[in-house]
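Below is one structure, written out as structure tokens, with a few remarks after it.
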Number of protein chains: 2
Amino acid sequence: MRRVTIHDVAGKAGVSTAAVSHAFNDPERLRATTVTRILDAARELGYAPNPHARALHSQRVGVLGVLFPQPIATVFANPFFASFLEGIGSVTDERGIGLLTVTPLGGSLERAIAAAPVDGFVIIGLDERHAEVAPLRKRGVPFVVVDGDAETASSVNVDDEGGAYAAANLLLDRGHRKILVLTFHAPPDELDKDLGVRGRRLRGYRRAFVDHGLALGDDAIVRTFVTLAGGDTAFAKAWADGVRPTAVLAASDIMAIGAMRAAKRLGREVPKDLEVIGFDDIPLAAASDPALTTVHQPITEKGRVATRLLIRELDEGGPRERIVLPTELLLRESTRAQATKSRTLGVAKGGTDREGKRILKAAAR
Amino acid sequence: MRRVTIHDVAGKAGVSTAAVSHAFNDPERLRATTVTRILDAARELGYAPNPHARALHSQRVGVLGVLFPQPIATVFANPFFASFLEGIGSVTDERGIGLLTVTPLGGSLERAIAAAPVDGFVIIGLDERHAEVAPLRKRGVPFVVVDGDAETASSVNVDDEGGAYAAANLLLDRGHRKILVLTFHAPPDELDKDLGVRGRRLRGYRRAFVDHGLALGDDAIVRTFVTLAGGDTAFAKAWADGVRPTAVLAASDIMAIGAMRAAKRLGREVPKDLEVIGFDDIPLAAASDPALTTVHQPITEKGRVATRLLIRELDEGGPRERIVLPTELLLRESTRAQATKSRTLGVAKGGTDREGKRILKAAAR
DNA sequence: AACCTTTTATGAAAGGTTTCACGAGAGCGA
DNA sequence: TCGCTCTCGTGAAACCTTTCATAAAAGGTT
């Protein structure tokens, strides 16, 4: 049972294949009666144009790829990515574009990139420096980098350093001196490079310490997995090692929540005995008990902005842009500080006004 | 700047395009030195095969579509779908297959289906009876229906009715007589048909009432949105109307959690004043406070099973199957009953042994 | 050297659509 | 009736790969 093609329809309607194509894509060019005759034939035969053939010819599939450097199962299990995809999806939906999640195929991101039937990529958590990006260039499709730096492509980031600074600053101002810092596990090949998001957040923490005349020692930093279990075991292990922090700075909410769980198990009460600040503001942060004080970043918005940028580049070959969205310290129940909002970038700080404006414009577009 | 094609490589390496193709796909057929010459040329030129052309020829893209009847943004915002996609993704990843989320394009699911460059579809929450499924047939690609009935395709469901029965039964056994039932908002065109998941869960509740010599009146049933807010306002509204339930049966966890929130706000304590049972067992159910007693269904497993079924059909044209996975009542803190697990289908009940066995096999495959 | 077999490489078709360039009629004014 | 302009429709190329059938080259045997 062969699939019905444009030739079958043309035969049945007694016209050329070109006419059938026109009937679908540019009916004005044909007499109205011809159009209906063709459409009727198509319906009777159950014809639907072959998307691959169409894509091959028009060099456009109407699908955007989102490139993750990790297995897809861990992507969907991570609420951060869910929010991010929600942002991307809201734009693709509105534009009538498909969304393909691209993850390493059989361990090879390169193969995955080469094989993905997409018009462009949004790349998350992968620096342009990464070797994986080379195949993208080959592929010749445009891409936008999120949470990473890019020389030759547009990028969307948030003010990680500023947010981290605000978080650390709050704890230090409140007199905390025994602070446990939880950060991401680094891939072995870049252990001491402090690249990307991890590096920027760490730099923010460090700067706050320095501004308080202190140093953030390596022994106070624990690198672990970005999961609930990762934060839990990291805190528990530090505790077992005799570390008795009065506060925790976690580079991600899920790790912060894990640490709170471990603390509770160990008889510490949050925020009485232990103040905790996370990063990201995933939906769970507000729902946890106690609700997590955290550095809010506009996750969904980040997805939206990146996607709009990519689509514009696709449609009009728009210029490259580097967008940095603001972050904001959100005080909830896991700290005892007074609620005063501190927005980083363009609001709280004077020096970045121009940047700030550009950001707001970008976000509102 | 035209993209580099197989012709360019052939020219540079001084061979035919066929040789280049072989060098990539079946290098055994060529002399080793030729292969390296070709591969070198390809690397220098930065050649990557065009996925559309490849797909057009081989009639296979290596991408599976997941069809949702709702906007993509609401999909990713829903933890149920996240878990489901996690299951699908774990299989596609392992097989080196891409994953395309397909949602209505400009409101039209038909257009989306026609345009999606995929080899097959997993359809969730859409009955085969739905008009939307017709275009799928046209398209000529296989599909598997999840959480819906299908005559002409494989399907994967869970024992919704059994799970709902167990939940209602527990509450009735414990003496509750004023039970508020929260169920899904039905699309206007099928208001009183009680189709699909909603219908099956409702039937389970009803059967338990009947077995206790009671009737589940329409006035005790509230239809609302499957969101936190939906459950919250539904409970609040019932309360405002003077309804004073001692227990809540919710057809989804997120609604149950919403109802708990409203109850708390209204001064009811769960489970002391109000016992609540949800359905689905999303991750949040265990993390909520109090932890939600619910009917567990294997969401991730459902995704896995459906995807394996689809891939098998794609690869070997395997037979159609109708799989029904068991559900299980999980007692947590939102009820005060003793913890005794009750697994539906094939374990708790005798009559479904054969079915049960087939299920377990399917799940383990 | 002649012949046969195996290895290695190629030409061309096929896959299904869109679109460019062009042709056949039809309509109309002179 | 001629010639011009529109309208409506068509043939064929282009998009890029893979693969079938086959040719050419190489290697081996007598």
Side-chain angles (χ1 to χ4, degrees), chain A residues 1-39 41-42 45-62 111 114-119 138-141, chain B residues 1-39 41-42 45-62 111 114-119 138-141:
Chain A
M1 192 191 92
R2 219 180 84 277
R3 204 184 138 173
V4 22
T5 78
I6 201 171
H7 287 96
D8 303 323
V9 179
K12 173 148 185 142
V15 294
S16 70
T17 62
V20 178
S21 179
H22 286 139
F24 277 94
N25 304 311
D26 186 13
E28 301 301 303
R29 288 192 44 142
L30 265 41
R31 200 184 315 164
T33 61
T34 317
V35 171
T36 52
R37 184 155 44 93
I38 293 174
L39 262 29
L45 258 35
Y47 167 74
N50 181 324
H52 308 314
R54 188 197 278 259
L56 173 59
H57 187 271
S58 64
Q59 307 284 53
R60 202 72 181 269
V61 245
R111 276 211 303 143
V118 300
D119 298 327
K138 278 199 200 179
R139 187 82 153 63
V141 298
Chain B
M1 193 193 90
R2 220 182 81 279
R3 201 184 141 173
V4 22
T5 77
I6 201 171
H7 287 98
D8 304 323
V9 179
K12 173 146 186 147
V15 294
S16 69
T17 61
V20 178
S21 178
H22 286 139
F24 278 94
N25 303 311
D26 187 12
E28 302 301 305
R29 290 190 43 144
L30 266 42
R31 201 182 316 161
T33 60
T34 317
V35 171
T36 53
R37 185 156 42 93
I38 293 173
L39 261 29
L45 257 35
Y47 167 73
N50 181 323
H52 308 314
R54 189 197 277 261
L56 174 58
H57 186 272
S58 64
Q59 308 282 53
R60 200 75 181 268
V61 245
R111 277 210 304 142
V118 300
D119 298 327
K138 279 198 199 181
R139 187 82 153 62
V141 299

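The shown structure was predicted, so the numbers you read here are calculated from the model rather than taken from an experiment. So you know, we letter chains A, B, ... as the sequences are listed, proteins then strands, and number each from 1.
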Distance check needed: [N] [atom2] versus [X] [atom1], whole Å only.
X: A:His52; N: D:dT17; atom1: NE2; atom2: C1'; result: 13 Å
X: B:Arg31; N: D:dA26; atom1: CZ; atom2: P; result: 7 Å
X: A:Asp26; N: C:dT18; atom1: CG; atom2: P; result: 11 Å
X: A:Phe24; N: C:dT19; atom1: CZ; atom2: P; result: 15 Å
X: B:Tyr47; N: D:dC16; atom1: OH; atom2: P; result: 10 Å
X: B:His22; N: C:dT8; atom1: NE2; atom2: P; result: 13 Å
X: A:Leu56; N: C:dT18; atom1: CG; atom2: C1'; result: 10 Å
X: B:His57; N: D:dT18; atom1: NE2; atom2: C1'; result: 4 Å

Think [X] has a side-chain N or O under 4.0 angstrom from the OP1 or OP2 of [N]?
X: B:Thr34; N: C:dT8; value: no
X: A:Gln59; N: D:dA14; value: no
X: B:Ser58; N: D:dT17; value: no
X: A:Arg54; N: C:dT18; value: yes
X: A:Asn50; N: C:dG15; value: no

Quickly, which of A:Leu30, A:Asn25, A:Ile38 forms a side-chain contact (heavy atoms from CB on, under 4.5 Å) with A:Val20? Name it, please. A:Ile38
B:Val141 backbone acceptor or donor facing A:Arg3 side chain under 3.5 Å: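 It does not hold such a pair.
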Test item: A:His57 side-chain N/O and A:Ala53 main-chain N/O as donor-acceptor pair under 3.5 Å: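 Answer holds: no.
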Test side chain to side chain contact (heavy atoms under 4.5 Å, CB included) on A:Gln59 and B:Asn50; report intermediate values, then the result. CA-CA 10 Å; A:Gln59 307 284 53; B:Asn50 181 323; 4.2 Å; yes
State which of [options] makes the closest approach to the side chain of [X].
X: B:Arg29; options: D:dT10, D:dT18, D:dA21; answer: D:dA21
X: B:Asn25; options: D:dT18, C:dA21, C:dA9; answer: D:dT18
X: B:Ala18; options: D:dT19, D:dT10, C:dT17; answer: D:dT19

Report which part of the nucleic acid A:Val20 touches: base, sugar-phosphate, or nothing (heavy-atom distance under 4.0 Å, all strands). nothing
Paired with D:dT30 by Watson-Crick or G-U wobble geometry, both distances under 3.5 Å: which nucleotide is it?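 Result: C:dA1.
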Supply the atom-to-atom distance A:His7 NE2 to A:Thr17 OG1, rounded to the nearest 0.5 angstrom.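 Rounded to the nearest 0.5 Å, the NE2-OG1 separation comes to 5.0 Å.
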